[in-house]
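Predicted model, so just to flag it, every value in this text is computed and none were measured.
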Amino acid sequence: MRPTTTPPTIRLSDYKQPEFWIETVDLHFKLHPTETRVRSRIVFKGNTERTDGPHDLRLHGQDLKLISASINGTPLKDDEILIDAEGLTIPGDLVPQDGFIWEAEVQTNPQANTSLNGLYMSKGMYCTQCEAEGFRKITYYLDRPDVMAVFTVEIEGDVPVLLSNGNNLGNGKWHDPWPKPAYLFALVAGDLVSYDDHFTTMNGREVDLQIFVRPGDEGKCAYAMDALKRSMRWDETEYGREYDLNLFMIVAVDDFNMGAMENKGLNIFNSKYVLASPKTATDRDYELIEGIIAHEYFHNWTGNRITCRDWFQLCLKEGLTVFRDQQFSGDARSHAVNRIENVLQLRARQFREDAGPLAHPVRPEEYIEINNFYTATVYEKGAEVIGMLRTLVGADNYRRALDLYFERHDGQACTIEDWIKVFEDACNTDLSQFALWYSQAGTPRITVTEDFSGDTLTLTFTQTNPDTPGQTNKKPQVVPIRTGFLAADGSEAAPEQLLVLDEALKSFEINGLVDKPTLSLLRGFSAPVVLERQTTNAERAFLLTYDSDPFNQWEAGRDYALDLLQDMILNSAEVDPAFAKAMRAVAVNEALDPAFRALVLSLPSEDALAQAIFEQGTAPDPDAIYAARQTLAKAVATELSDDLQGLYTELATPGPYTPDAEAAGKRSLRGAVLSLISHLEDDCATAKAQFAAADNMTEQLSALSTLIRHGQGDAEVQAFYDQWQADRLVIDKWFTVQVASAPADKAVDVARALTQHKDFDWKNPNRYRSLIAGFAMMNPAGFHRKDGAGYEFFADWLIKLDPVNPQTTARMCGGFETWRRYDASRQQLMQAQLQRIADLPDLSKDTAEIVGKILN
Ligand SMILES: [Zn+2]
């Protein structure tokens, strides 16, 4: 063992091909909870492009006990193997440089592996997670994505179900004919039952589909299976991609760090993204299950068949696959509603990241721990970049480029340069400036001025690209701005145009106009930028009524609310009655989709307001923000008081529950109406009645949340627990709703008390997040309590989790990433907690990297 040192920084510019390739891997597992034995037989081949030899053999490995190792059948002696904490090295003079067979046996302890990386146990079931670098906890290997090999696996164990990737050869034997990097390896073994179906591909091949769950959960798989089959068909019709094995399996696991994982032919899912029944899952859960099932399935081509050369290229597979799952969900539901929801997420997570100490480019250039880069920037901004590319080249060219991508790179480990080159070749265009979206961090800010004379409108745009940690003096990027021009009667005064802003300052002329039109800028949110524009509330009300682009229609209402709330918070302004009237007009407009109306009625989040106020140069006051939202909601409720009961009755969805978008949209608007009604009732009678009568989780939970918010839910909190105590996914919701909806002054006490609850199994990531993240991220006024009790509570729990599960701890530290927004006293309190974490002697490198960045 070598002494602990500062973990190294890995840099994109240091990339080198491996010294050796791997052709085939044979693995034999003898499973045991504490003493699992893994035998490996790996066929290595020299890399002829690495002429700088002779090379040592360097293999990754962590927490492994090496039993034996040999090269070409000759056992290696102890002094011929140099083992350290990160792997082993065999001196080059013992390694045939053109190729050899490596055989080894190692022992691991799955039971002791609480990191949930590598091979671990979840309630008696064996499970793996290898992305990004978990395979090195299973055996010694070249654990890097550019090394792709054919795997054959044999599993022995005293549990009935033994699964791995590829095709089932029987008796625990599996063969995957498609070469893959080790991060796509998977093994699952346990007492599981399967929910089965099948799919016929576009070329008539039969594929068996299986979802494996714990006995008792098989009744909750139908929706996930339906989503899987629809995803498989969609990828055929929209991208021409056919599935390539005769078996596709999904396994639901309770203890999982992430949402789901796209291992070849054997996707492993956090059970919350598989299991659903009307009584236990909300509409939002159904939507997420559909989207995540699609996402992981789509990876079969964008990620697995074409993978990443190194982890800096993570956005190559993630940005593209998120974009594809967003397209799928838009097709399956409503494009307008999905786009608004995606942009809300993007602003809440990615813009927040871009504005803080953790800002990084879509393709980062260095990291200490790659697990820290599974971020909103890589995923969501990565998807926005693809969306812009499609807007710029057009749908037909996009499809042509994707066809070329699959044709040219199938079976390869690729880079962003390969991706860009495909578009340049297929569309005969130069994308060198566009590529800056991958290398420059931060959210571009766009301003616009209008000048109208004669029949010509001149629009002059500027863009600035703010400094971010490690990056200054950025170049102008390519910003596609879809723009509409509305006449006074609400019709389109001129056809929509795509204005491409590719300089720091650029003007566009629109001719042939009769009168000065009202602009509808950045339709569909055609670029992930902040648009700063002087406008009037009258113009916003006009766009909210007439804009034919539903995104901008919603955006107009949102800008109106944001401005008004800031004015109320910063200048003690009164509620503008025109705003409440505009909200009423949308709420009762039956020509509009109920889901869309619900989105218009939901006010900007407390975090969005805090960021907006901070950007104006003032420290946000979380209590004032909370109070202003309450006041405005009450004003809207009062304006709508004659309509609310009627709406509430009309929007009921009688008959058996269905999770489709139309019914879900009605429930969503009904939930918003319930929330408004409760501002006008002292006893929350409507919410109490809804809670008592609800036959689905969406309505039960929205009633419970409303009751807790108004301090009326004690009996219902207990009743909900009594009803659902045996259902772990519902009990996660029970923890979250109490901390997220608790009044600000009580939130810390509620959270603290819940950590003492017998069901608070904090080593389970879902349960931990449901309470700790629910408090820190969903109750801003409670978290930012003046005396710092919220910060201390949160830091205590980060410190407790770090030695057990560094990956989840590091991700949760993002709760502190906005600390510099706040007043001096709160900053000091948060900084003290961050420093307390940073000073821990055995802090994981995951958490150390994130906390270090947040502090600096
Ligand atoms: Zn993914």
Side-chain angles (χ1 to χ4, degrees), residues 223 226-227 230 276-292 294 325-345 524-525 544-545 547-558 561 582-605 633 636-637 640 643-678 686-687 690 693-703 705-706:
Y223 188 75
D226 177 59
R230 287 187 284 118
S277 75
K279 280 194 177 342
T280 62
T282 62
D283 291 326
R284 178 70 183 149
D285 292 329
Y286 278 97
E287 196 181 337
L288 286 168
I289 288 169
E290 179 179 68
I292 295 173
D325 84 55
Q326 290 177 349
Q327 285 184 305
F328 168 78
S329 294
D331 285 353
R333 291 165 179 265
S334 149
H335 284 282
V337 167
N338 271 61
R339 186 62 187 144
I340 294 166
E341 286 175 348
N342 291 339
V343 173
L344 277 167
Q345 279 288 320
F525 203 63
L544 180 56
T545 311
D547 202 326
S548 63
D549 180 73
F551 180 84
N552 272 9
Q553 193 181 10
W554 168 81
E555 183 89 315
R558 176 150 181 106
M583 288 296 115
R584 179 181 177 276
V586 172
V588 301
N589 184 348
E590 288 179 9
L592 295 171
D593 177 0
F596 175 83
R597 285 143 77 189
L599 285 168
V600 173
L601 285 177
S602 64
L603 296 175
S605 70
V636 172
L640 270 156
D643 311 293
L644 289 173
Q645 284 297 342
L647 274 169
Y648 185 76
T649 310
E650 263 167 46
L651 288 163
T653 45
Y657 171 96
T658 56
D660 58 282
E662 194 188 334
K666 284 187 174 178
R667 280 187 292 269
S668 164
L669 181 54
R670 196 167 191 248
V673 169
L674 174 68
S675 169
L676 292 172
I677 288 175
S678 305
T686 310
Q690 177 170 315
D695 67 350
N696 63 76
M697 184 48 63
T698 306
E699 293 185 320
Q700 193 178 15
L701 197 62
S702 78
S705 158
T706 302

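Contacts of A332 classified as side-chain contact (heavy atoms from CB on, under 4.5 Å), with partners at least two apart in sequence or in another chain: R230, E290. For N696, the side-chain contact (heavy atoms from CB on, under 4.5 Å) partners at least two apart in sequence or on another chain are Y657, R667, T698, E699. The side-chain contact (heavy atoms from CB on, under 4.5 Å) test applied to S329 returns N338, not counting sequence neighbours. Taking E662 as the reference, D660 meet the side-chain contact (heavy atoms from CB on, under 4.5 Å) condition, with sequence neighbours excluded. Not counting sequence neighbours, S334 has no partner by the side-chain hydrogen bond (donor to acceptor under 3.5 Å, both in side chains) test.
D226 contributes no side-chain N or O that, together with a main-chain N or O of Y223, makes up a donor-acceptor pair within less than 3.5 Å. In this structure a side-chain-to-backbone donor-acceptor pair under 3.5 Å is present from D549 to N552. Distance alone, capped at 3.5 Å, places no donor-acceptor pair between the Q700 side chain and the A694 backbone.
Side-chain contact check for R558 versus P604: some heavy-atom pair is nearer than 4.5 Å.
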Pairs of donor and acceptor atoms involving the side chains of residues 583-590, under 3.5 Å and at least two apart or interchain, shall be tabulated with distances.
unit_1, atom_1, unit_2, atom_2, d
R584, NE, D643, OD2, 2.7
R584, NH2, D643, OD1, 3.1
N589, OD1, A591, N, 2.9

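Residue R339 holds its CZ atom at 10.5 Å from CG of L344, rounded to the nearest 0.5 Å. How far CG of L647 is from CZ of R670: 10.5 Å, rounded to the nearest 0.5 Å. Taking OG of S668 as the reference point, atom CG of L599 lies at 6.0 Å (rounded to 0.5 Å). One finds the CG atom of L644 at 5.0 Å from the CD1 atom of I677 (value rounded to the nearest 0.5 Å). Here CG of N342 is found 11.5 Å from CZ of F525. Values are rounded to the nearest 0.5 Å. The OG1 atom of T706 sits 10.0 Å away from the CG atom of L676 when rounded to the nearest 0.5 Å.
Of the N and O atoms on the side chains of S277 and T280, at least one donor lies less than 3.5 Å from an acceptor on the other residue. Under the 3.5 Å distance criterion, with hydrogens and angles disregarded, a donor-acceptor pair is assigned to the side chains of S702 and Q690.
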CA sep, side-chain torsions, deciding dist, call: E287, R284, salt bridge (Lys or Arg N to Asp or Glu O under 4.0 Å): CA-CA 5 Å; E287 196 181 337; R284 178 70 183 149; 3.5 Å; yes
side-chain contact (heavy atoms from CB on, under 4.5 Å) between I340 and E555, worked out: CA-CA 9 Å; I340 294 166; E555 183 89 315; over 6 Å; no
